[in-house]
Number of protein chains: 2
Amino acid sequence: MTGDRPDRARAGAKHVALLAGVSTATVSRALNNPETVDPATLQRVRDAVAKLRYVPHGVARSLRSRRSKMVGAIVPSFDYALYARTTSALQQRLAERGYALVLAEHHYDLEQELQLTRQLIEHGVDAFVFVGTEHDSRLFALLDEFGRPFVLTWGVDAPEGRPCVGFDNRAAGYEMARHLVKLGHKRFGIVSAPIDGNDRGRERGAGFRAALAEAGLSVPDSHVQYARITLAAAEEAMQRLLAAKPRPTAVLATNDVLAVGAMLACRKAGVRIPDDISITGVDNTDLGATQTPGLTSVRTPIVEIGDAAAEQIVARLEGRDAPAHLALPFEIVLRGSTAPPP
Amino acid sequence: MTGDRPDRARAGAKHVALLAGVSTATVSRALNNPETVDPATLQRVRDAVAKLRYVPHGVARSLRSRRSKMVGAIVPSFDYALYARTTSALQQRLAERGYALVLAEHHYDLEQELQLTRQLIEHGVDAFVFVGTEHDSRLFALLDEFGRPFVLTWGVDAPEGRPCVGFDNRAAGYEMARHLVKLGHKRFGIVSAPIDGNDRGRERGAGFRAALAEAGLSVPDSHVQYARITLAAAEEAMQRLLAAKPRPTAVLATNDVLAVGAMLACRKAGVRIPDDISITGVDNTDLGATQTPGLTSVRTPIVEIGDAAAEQIVARLEGRDAPAHLALPFEIVLRGSTAPPP
DNA sequence: TTGTATGCGTTATCAC
DNA sequence: GTGATAACGCATACAA
């Protein structure tokens, strides 16, 4: 009999239906709209499901219902733990709601980001979470063509009013500059992540300079050094700043990894922190907090971004309306790496 | 006409076939087995694909071909950057081969691990990568029932000869103990991650004790403190060790986060490292390496595990045979946190 | 080499 | 409240 289930073959709705004495349509309803089926029938179906250890074939469901309950997250990198923690929060919130997270990294290559997005669309993901507000215009065209909702994270005020969840990176840089100016610093340096394809770093640096400009100060180009987001690269960049003359008395790094790399360079060069030079980071990671001295940094809403992104994207997938723009708070965390200039 | 493509509807193989003047079967072949189709037809199909910006419907393909080209990775947590970096490597290697990575975290709850696995099977993933060699027996039953290949990572010698990629955690603990014994230490402490559901930490601790036993030494139960893998919890655990008498002169932490937490406790208590006490970690993270003094640790094959897991799982999915057991090397990295006892 | 026809397992649309 | 049936978009056996 075709309805028979040979051992070792996966049980299907058909087998459940047979065992419960109903049709596959009722099995489907029992699983997806339990309230529309008679309690007694419902129980029979559930018993059959349990007995056969039936697991619905999500792929077939996706084909028919045109939704896969998978969300794609495309992030720059996990080498720096930051995006990993946001993704972690995102994944947990999604799993709670029955969604799976499909993950990809583009390593700061926006062309690759486009390709990965295409690949995930092909795999059937329903919606996307990206990092940053700026992307290849073809990315948005692609998302539009395939009708995939998305959220941009780690920034606010995305171009064209696109949905986003994050905080004001510019304001973070601005506040940090205010702190250093108040301490009395006059000569500044910046260790920045590469800024193409990285609006976070760019905004942080821009806010920093804006605050200095308001105070009648500035950062000469020679005092802005770029480094990939690794300790080694940051260390080299800081060596260049230490060699500059006049040497800056305060250095803003656009994130904690760069800041700690800068601290390493100072240690090796015998430059004392904060006596000779102040250093600041952004993101308030354990890496920075546990240094000697502790790194003054900006506490960014790492986990909250993931939570909120999940909340928003699921709401939109399920037809509920949700605020499409969320600006979360940040705050400066003062530690021993900043002090008045020598 | 039904063959028509109304604007804004996704192009299907049908539309490509129409435009190229072939059947959908040929479109399928052109995409999946180009060598079996006439070069001229192939070109026409490719042109049509490009013109319509056709993206195959992976979900339909999965239903028909019974493989989704998705691999699930179920890891304990991303809070500690370690598994994030392995997962990163895994994802890159998978993406290169056209596979997508579906990610979930179980937060050291093996029951949850089972549920998540079931959820991902329902979503259609073809194969799995897990962390650790020990899991709920129902997990293996589930994988077997649904015929899903898997690889266990971060350990070797998995029970029942199950496929695994990792290194010998016990040997890592053993070598670290040898280092401390050679330095002349006699009184030891352990700050360990909770060991249920965590074979890595357990093996490391066991190897450590085994080496001590060979030297006629031991660790009293009072000198073994457990802590969740956070700086704060480790700090508290270390405070308990510092209060013990006689106080240990050397402490092994089963990973770098715990070790750094222990260092924080020492700093606050005014206990000097390494003069008063030696501390060691495992994993050789930046967090440990950048402390003052630097943390002596074990360089574990973080990235290599991800690379090899991808390699093995894809090979098996594609019917090639691959070595199912891989033991990667590790090495002790000496830094300033270890010295002879006072 | 190419086309025709069927079915993958589920959900949606109808009747009943 | 429930059942029969037709898709969903593609890959594949088989025929040509």
Side-chain angles (χ1 to χ4, degrees), chain A residues 2-6 9-46 48-49 52-70 98 121-124 126 146-147, chain B residues 2-6 9-45 48-49 52 54-69 121-124 126 146-147:
Chain A
T2 45
D4 252 6
R5 184 162 77 95
R10 179 172 181 167
K14 182 167 30 178
H15 307 107
V16 175
L18 207 63
L19 183 58
V22 297
S23 71
T24 60
T26 299
V27 172
S28 175
R29 277 188 292 255
L31 266 46
N32 303 309
N33 301 90
E35 68 281 3
T36 70
V37 33
D38 184 274
T41 332
L42 182 57
Q43 194 51 53
R44 294 211 316 282
V45 172
R46 287 189 168 154
V49 164
L52 296 175
R53 299 223 297 288
Y54 168 66
V55 175
H57 196 296
V59 169
R61 167 181 293 168
S62 298
L63 179 61
R64 181 62 234 227
S65 65
R66 320 188 69 68
R67 47 210 309 277
S68 66
K69 298 202 88 171
M70 298 192 299
I121 285 180
E122 179 167 345
H123 274 288
D126 291 333
F146 286 90
Chain B
T2 46
D4 252 6
R5 184 162 77 94
R10 179 172 181 167
K14 183 167 30 177
H15 307 108
V16 174
L18 207 62
L19 183 57
V22 297
S23 73
T24 61
T26 299
V27 171
S28 176
R29 279 187 291 256
L31 266 46
N32 303 310
N33 301 89
E35 67 282 3
T36 72
V37 36
D38 183 274
T41 357
L42 181 57
Q43 194 52 52
R44 295 212 317 280
V45 172
V49 165
L52 296 175
Y54 169 66
V55 174
H57 195 295
V59 169
R61 167 181 294 169
S62 298
L63 180 61
R64 179 61 231 240
S65 65
R66 319 189 68 69
R67 47 209 314 276
S68 66
K69 299 202 88 171
I121 286 180
E122 179 167 345
H123 273 289
D126 291 332
F146 287 91

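A, B, ... follow the sequence lines: proteins, then strands. Residue 1 opens every chain.
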Indicate whether OP1 or OP2 belonging to dT10(C) is found under 4.0 Å from a side-chain N or O atom of Y54(A). yes

Within less than 4.0 Å of OP1 or OP2 of dC8(D), is there a side-chain N or O belonging to R61(A)? no

In this structure, how many angstroms lie between the [atom2] atom of [N] and the [atom1] atom of [X], rounded?
X      : N      : atom1 : atom2 : value
E35(A) : dT2(D) : CD    : P     : 13 Å
R10(A) : dG9(C) : CZ    : P     : 9 Å
H15(B) : dG9(D) : NE2   : C1'   : 11 Å
K14(B) : dC8(D) : NZ    : P     : 6 Å
R67(B) : dG9(C) : CZ    : P     : 16 Å
L52(A) : dG9(C) : CG    : P     : 15 Å
D38(A) : dG1(D) : CG    : C1'   : 7 Å
L31(B) : dG9(D) : CG    : C1'   : 13 Å

Remember a base hit wins even if backbone is also touched, and classify V22(A) as base, sugar-phosphate or nothing at under 4.0 Å, heavy atoms.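 Sugar-phosphate contact only - V22(A) comes under 4.0 Å of backbone atoms but never of a base.
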
Mind checking T41(B) for me? I need base, sugar-phosphate or nothing, with any heavy atom below 4.0 Å counting as a touch.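 It contacts sugar-phosphate atoms only.
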
Counting C-beta onward and ignoring hydrogens, is there a side-chain heavy-atom pair between V45(B) and V49(B) closer than 4.5 Å? yes

Taking side chain as C-beta onward, heavy atoms only, is R46(A) less than 4.5 Å from P34(A)? yes

V37(B) vs V22(B), test: side chain to side chain contact (heavy atoms under 4.5 Å, CB included). Steps then yes/no. CA-CA 11 Å; V37(B) 36; V22(B) 297; over 6 Å; no

Walking DNA chain C from its 5' end, the first of V27(A) and T36(B) to be reached, judged by nearest nucleotide, is T36(B)

Taking only nitrogen or oxygen atoms into account, show me every contact under 3.5 Å that the protein makes with nucleotides 12-16 of chain D, one pair per line with its distance.
{"unit_1": "dT12(D)", "atom_1": "O4'", "unit_2": "R64(B)", "atom_2": "NH2", "d": "3.4"}

Could you pull out the closest heavy-atom pair between R61(B) and P56(B), with the gap in Å? NH2-CB, 3.6 Å

Can you name the nearest heavy-atom pair linking E122(A) to V55(B), along with the distance? CB-CG1, 3.7 Å

Check the pair Y54(B) / L19(B) against side chain to side chain contact (heavy atoms under 4.5 Å, CB included), numbers first and verdict last. CA-CA 12 Å; Y54(B) 169 66; L19(B) 183 57; over 6 Å; no

Evaluate the criterion side chain to side chain contact (heavy atoms under 4.5 Å, CB included) for residue pair H57(B) and R10(B); output intermediate values, then yes/no. CA-CA 9 Å; H57(B) 195 295; R10(B) 179 172 181 167; 3.9 Å; yes

Among dG1(D), dA4(D), dT10(C), which nucleotide has an atom closest to any side-chain atom of S23(A)? dA4(D)

